[in-house]
Amino acid sequence: MQSKIVKIFASLLLIQLASCASLGVQPWERDLLAKDEMALDAEKLDLALDDHIYFSKEATSGGRAFAGGGCGCN
Amino acid sequence: MQLSHKPINISAVLATATCALLGVTAAQAEENTELWKFDTALMYYGETDRVTAVEGVIAATKDFGDEHIFSGKLTIDGLTGASATGAVAQPTAQTFTRPSGNGNYEIAAGETPLDDTFHDTRLQLNAQWTQPIAQDLRASGGLQFSNEYDYLSFALNGSLAYDLNQKNTTLSLGLSYALDTIKPEGGIPLALATVAFNPNPEQEDSTEFEDNYNSTRATDSDSKNTLDVMLGLTQVINRRLLMQFNYGLSTVDGYTNDPFKYLSVVDEQGLTQSLVYENRPDTRTRHSFYWQTKYAMDFGVADISYRFATDDWKIDSHTIDSRLRINLSDTTYIQPHFRYYQQAAAEFFQPFMQEGETLPEFASADYRLGEMTAYTLGLKYGMELDNGDELSFRLEYYQQSPKNAGFDEPGVLQDMELYPTVKAVIAQVSYRF
């Protein structure tokens with residue numbers, strides 16, 4: 001029974017690893033990902049201005065970027 | 001293997017050969033001619049009856065070739081208006097002495113006490129350098145300086161990013177250290193000391209008030225250190241989908257109080273008897289878990305993120321942020337924005353104190369540490385101009401709804417609005433060239 005469970009877990013793990021390996025694209029498939037608006041920090045200034053507002057109005061900061069310091073507004 | 005029958009591009013081959021002779025790659029030659037890029041924005045933030053802020057930003061980036069990138073940013077903002085002091089509304093008018101001890105202000109019956117002497121100008125400078133240091137490994141280092149009338153902050157950061165799996169996966173590690181110093185006018189108030197009230201502000205040499213005021217002061221200034229560590233994983237899922245996971249640990253050590261915040265001490269009828277300064281723990285450890293995904297569609301981009309944060313002040317928060325870029329044409333787009341935020345109250349948050357009760361070790365009535373939900377609704381319109389520059393406009397509405405985290409309200413406080421909503425408009429113009 002125990003070996004069966006181990007086998008099931010091992011195959012699940014293998015499936016996971018196999019699916020991990022299949023993630024991603026080839027270099028010539030980056031046409032959409034290479035667009036400016038697909039960058040994680042596209043609109044950097046908007047995000048920084050928003051972070052500053054929410055940093056001074058709410059108790060949580062950071063997550064996307066560093067959380068701390070910089071302003072006497074909180 | 002299938003053989004290609006495409007004709008050979010002679011000029012490309014010659015260019016490659018020339019570059020090879022000169023010892024540069026074609027990409028590098030192209031990058032070396034890259035000019036400075038500027039990103040500018042002017043933002044207005046206005047709350048109904050409270051704070052108004054105007055913030056201007058100029059950011060500049062230059063790639064010096066081979067992904068050696070410098071970026072700098074100058075931010076200037078001006079704040080005016082009124083800010084909630086933490087004191088509770090009362091059925092009669094209330095008079096308060098300003099935090100600096102200079103003069104009094106009156107708050108009408110039933111109104112939330114706001115200190116209208118809130119104004120400041122802040123200057124912030126950022127500089128960041130990023131470059132590859134080995135195959136698939138990038139390093140970045142930066143400095144930040146921020147100065148306002150009573151606050152000074154200096155921060156430095158460093159990070160490493162490692163690409164693997166054909167650049168489909170990026171692992172990153174970042175560190176940041178900030179040292180903040182606050183020097184409020186009149187000095188740092190003593191924790192939970194009774195706020196001095198000046199009954200005759202017109203009288204210039206009121207030694208009794210001055211003695212009272214000075215007895216509530218600890219030092220002229222105080223400081224805090226913030227150390228942040230961030231671990232990141234970015235993964236390309238497929239041709240359209242990209243994901244990022246971040247774990248952030250942030251520790252704060254030092255003065256975390258807001259020297260301008262009070263708590264009302266009320267009697268059994270809910271009537272204010274005195275005010276005391278707040279006191280927060282002098283350390284705070286925060287953990288944040290952040291997930292972001294971007295999906296490229298035929299007509300635009302969907303950007304969704306979720307953040308869970310928790311800390312040892314017992315403030316747990318959830319944030320959902322989403323933007324949907326819809327391309328109207330090759331050069332124009334609109335982008336609706338929705339954000340929802342929810343936080344639990346800090347364990348030492350209390351909207352007021354009861355007379356006769358033992359003083360707690362820590363207490364704050366700052367609504368920003370209380371239970372709250374908030375949402376933002378916005379719309380952005382952007383257009384690419386004929387010369388390649390980009391102009392965009394953003395208009396948003398932000399509303400905070402503080403909640404009662406289970407506190408009983410004695411007497412007259414039951415008829416008072418103790419958790420007023422805060423409504424704000426955000427308007428922004430950006431220009432990229």
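Each of B:Arg394, B:Arg325, B:Gln335 was compared with A:Glu43 under the side-chain hydrogen bond (donor to acceptor under 3.5 Å, both in side chains) criterion, and only B:Gln335 meets it.
Among the candidates A:Ala65, A:Ala48, A:Ala42, the residue making the largest number of heavy-atom pairs closer than 4.5 Å to chain B is A:Ala65. Your options are B:Arg432, B:Arg323, B:Met372, and the one with the most heavy-atom pairs under 4.5 Å with chain A is B:Arg323. Per-residue heavy-atom pair counts under 4.5 Å with chain A were compared for B:Gly174, B:Ser430, B:Ala155, B:Ser83, and the maximum is reached by B:Gly174. Contact count against chain A (heavy-atom pairs under 4.5 Å) is highest for B:Tyr295 among B:Tyr333, B:Tyr295, B:Phe145, B:Phe289. Counting heavy-atom pairs closer than 4.5 Å to chain A, the top residue among B:Ala374, B:Ala309, B:Ser317, B:Ser176 is B:Ser176. Between chain A and the residues B:Ser288, B:Gly248, B:Ala296, the most heavy-atom pairs under 4.5 angstrom are made by B:Ala296. Between chain A and the options B:Leu241, B:Val236, B:Val301, heavy-atom pairs under 4.5 Å are most frequent for B:Val236.
At a 4.5 Å heavy-atom cutoff, B:Lys261 makes no contact with chain A through either its backbone or its side chain. A:Arg30 touches chain B through its side chain: at least one heavy atom from C-beta onward sits under 4.5 Å away, while N, CA, C and O do not. Interface remark: B:Ile182 contributes no atoms to any contact with chain A (heavy atom separation under 4.5 Å). B:Glu390 does not touch chain A: none of its heavy atoms, backbone or side chain, sits under 4.5 Å away. With a 4.5 angstrom heavy-atom cutoff, B:His318 does not touch chain A via any of its atoms. Neither the backbone nor the side chain of B:Leu79 comes within contact range of chain A; no heavy atom of the residue lies under 4.5 Å from a heavy atom of that chain. In this structure, the portion of B:Thr234 lying under 4.5 Å from any heavy atom of chain A is its side chain and not its backbone. For B:Gln166, the parts lying near chain A are the backbone and the side chain together; criterion is any non-hydrogen pair under 4.5 Å. Interface remark: A:Asp46 contributes backbone and side-chain atoms alike to the contact with chain B (heavy atom separation under 4.5 Å). Within the 4.5 angstrom heavy-atom criterion, atoms from both the backbone and the side chain of B:Arg239 approach chain A.
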**Derivation and outcome, side-chain hydrogen bond (donor to acceptor under 3.5 Å, both in side chains), residues B:Gln235 and B:Asn168** = CA-CA 6 Å; B:Gln235 177 67 49; B:Asn168 282 304; 5.6 Å; no

**Prompt:** Does the side-chain contact (heavy atoms from CB on, under 4.5 Å) test come out yes or no for B:Leu242 and A:Leu33, once each step is laid out?
**Reply:** CA-CA 8 Å; B:Leu242 182 64; A:Leu33 296 167; 4.3 Å; yes

**Message:** Could you go through B:Gln343 and B:Asp316, starting from their C-alpha distance and side-chain angles, then the distance that decides it, and tell me whether this counts as side-chain hydrogen bond (donor to acceptor under 3.5 Å, both in side chains)?
**Reply:** CA-CA 6 Å; B:Gln343 75 178 37; B:Asp316 287 357; over 6 Å; no

**Request:** Apply side-chain hydrogen bond (donor to acceptor under 3.5 Å, both in side chains) to B:Tyr247 and B:His287, showing your working.
**Result:** CA-CA 7 Å; B:Tyr247 163 71; B:His287 303 269; 2.8 Å; yes

**Message:** Assess the residue pair B:Asp228 and B:Leu175 against the criterion (side-chain contact (heavy atoms from CB on, under 4.5 Å)); give the C-alpha distance rounded to whole Å, side-chain angles, the decisive distance to 0.1 Å, and a yes or no.
**Reply:** CA-CA 6 Å; B:Asp228 283 10; B:Leu175 287 171; over 6 Å; no

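Using a 4.5 Å cut-off on side-chain heavy atoms (C-beta onward), B:Glu371 and B:Phe349 make no contact. Side-chain contact between B:Lys183 and B:Asp222 is absent, with no heavy atoms from C-beta onward closer than 4.5 Å. Contact of the B:Gln144 side chain with the B:Asn157 side chain is not registered, since no non-hydrogen atoms from C-beta on lie closer than 4.5 Å. Using a 4.5 Å heavy-atom threshold, the side chains of A:Tyr54 and B:Thr376 count as touching.
Geometrically, B:Arg50 engages B:Tyr367 in a cation-pi contact defined by less than 6.0 Å to the ring centre and at most 45° from the axis.
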